[in-house]
Amino acid sequence: MKIVEGTSVDGPGLRTSIYLAGCNHRCPGCHNPSTWPFDAGIEMTVEEIMEKVLYNRFNVTLTGGDPLYHAEALLPLIDAIKANGLNIWCYTGFTIEELLGKEDKAINTLLDAVDVLVDGPFIESQRDISLLFRGSTNQRLIDLKATLHSGQIILYQQ
Ligand code: SF4
């Protein structure tokens with residue numbers, strides 16, 4: 001959908017946020033329903049995206065829409081981001097339990113590379129504008145490396 005360079009609302013520090021088109025969660029109160037159609041936005045190559053990422057060398061956030069609908073297509077981009085030593089935050093409307101339960105190779109490979117997963121749908125009745133980097137209290141900032149290593153949910157600590 002778009003790439004925002006130098007944002008401070010999608011994770012710590014200044015980051016490059018990449019918004020992917022496509023989301024079927026359709027959360028009531030979604031902040032960005034224009035991202036729901038899977039044919040929205042424009043097609044970009046990994047090279048074109050990396051040119052923007054490397055211009056500032058900010059860490060990267062994948063958001064949307066829901067990037068987890070595009071796990072396989074994202075793998076080359078994730079490889080390129082990690083090869084340049086940048087960390088990755090990723091937003092998804094799925095919970096980590098749902099994602100791991102899919103037993104999908106591409107999703108598991110993506111999760112192995114992501115540093116922090118902000119998981120779960122936006123739930124309007126649990127909206128809280130004081131929350132850090134998320135919209136509703138059900139959503140979690142998950143330290144994925146520690147979680148996948150330990151087998152239990154470990155939350156990101158600032
Ligand atoms: S998962 Fe995110 S983008 Fe998708 S409907 Fe929910 S709030 Fe909107």
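Just so you know, ligand 1 is whichever comes first in the structure, and atom 1 is the first atom listed for that ligand. Bear in mind that the values here come from a model prediction, so they are computed numbers and not experimental data. Computed from heavy atoms alone, side chains included, the values below leave out hydrogens, waters and symmetry copies.
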Under 3.5 Å side-chain donor-acceptor pair for N87 and R15: yes

Which residue and atom name correspond to the protein heavy atom nearest atom 2 (Fe) of ligand 1, and how close is it? H31 CE1, 4.2 Å

Name the closest protein heavy atom to atom 3 (S) of ligand 1, giving the residue it belongs to and the distance to 0.1 Å. G65 N, 3.5 Å

Is there a heavy atom of P121 sitting under 4.0 angstrom from any atom of ligand 1? no

Looking only at protein heavy atoms, what sits closest to atom 6 (Fe) of ligand 1 is C27 SG, 2.3 Å

Is C30 close enough that one of its N/O/S atoms sits under 2.8 Å from atom 6 (Fe) of ligand 1? no

A student checking ligand 1 against R26 at a 4.0 Å heavy-atom cut-off should list atoms 5 (S)

Using distance alone, with no hydrogens and no angle criterion, decide if D66 and T92 have a side-chain donor and acceptor under 3.5 Å apart. yes

Can a donor-acceptor pair be found between the side chains of S136 and Q126 at a distance below 3.5 Å? no

Sub-4.0 Å atoms of ligand 1 with respect to non-hydrogen atoms of F122: 7 (S)

Answer yes when D115 and K82 have at least one side-chain N-carboxylate O distance shorter than 4.0 Å, and no when they do not. yes

Rounded at 0.5 Å granularity, tell me how far CG in N32 sits from OH in Y19. 6.5 Å

With atoms numbered from 1 as shown, which atoms in ligand 1 lie under 4.0 angstrom from a non-hydrogen atom of G93? 1 (S)

Could you check whether E97 pairs with R140 (Lys NZ or Arg NE/NH1/NH2 to Asp/Glu carboxylate O, under 4.0 Å)? yes

What protein heavy atom sits nearest atom 4 (Fe) of ligand 1, and how far away is it? C23 SG, 2.2 Å

Transitive ILVMFWY side-chain link F94 to F38, under 4.5 Å: yes

So for Y91 against ligand 1, with non-hydrogen atoms under 4.0 Å, the contacting part is neither

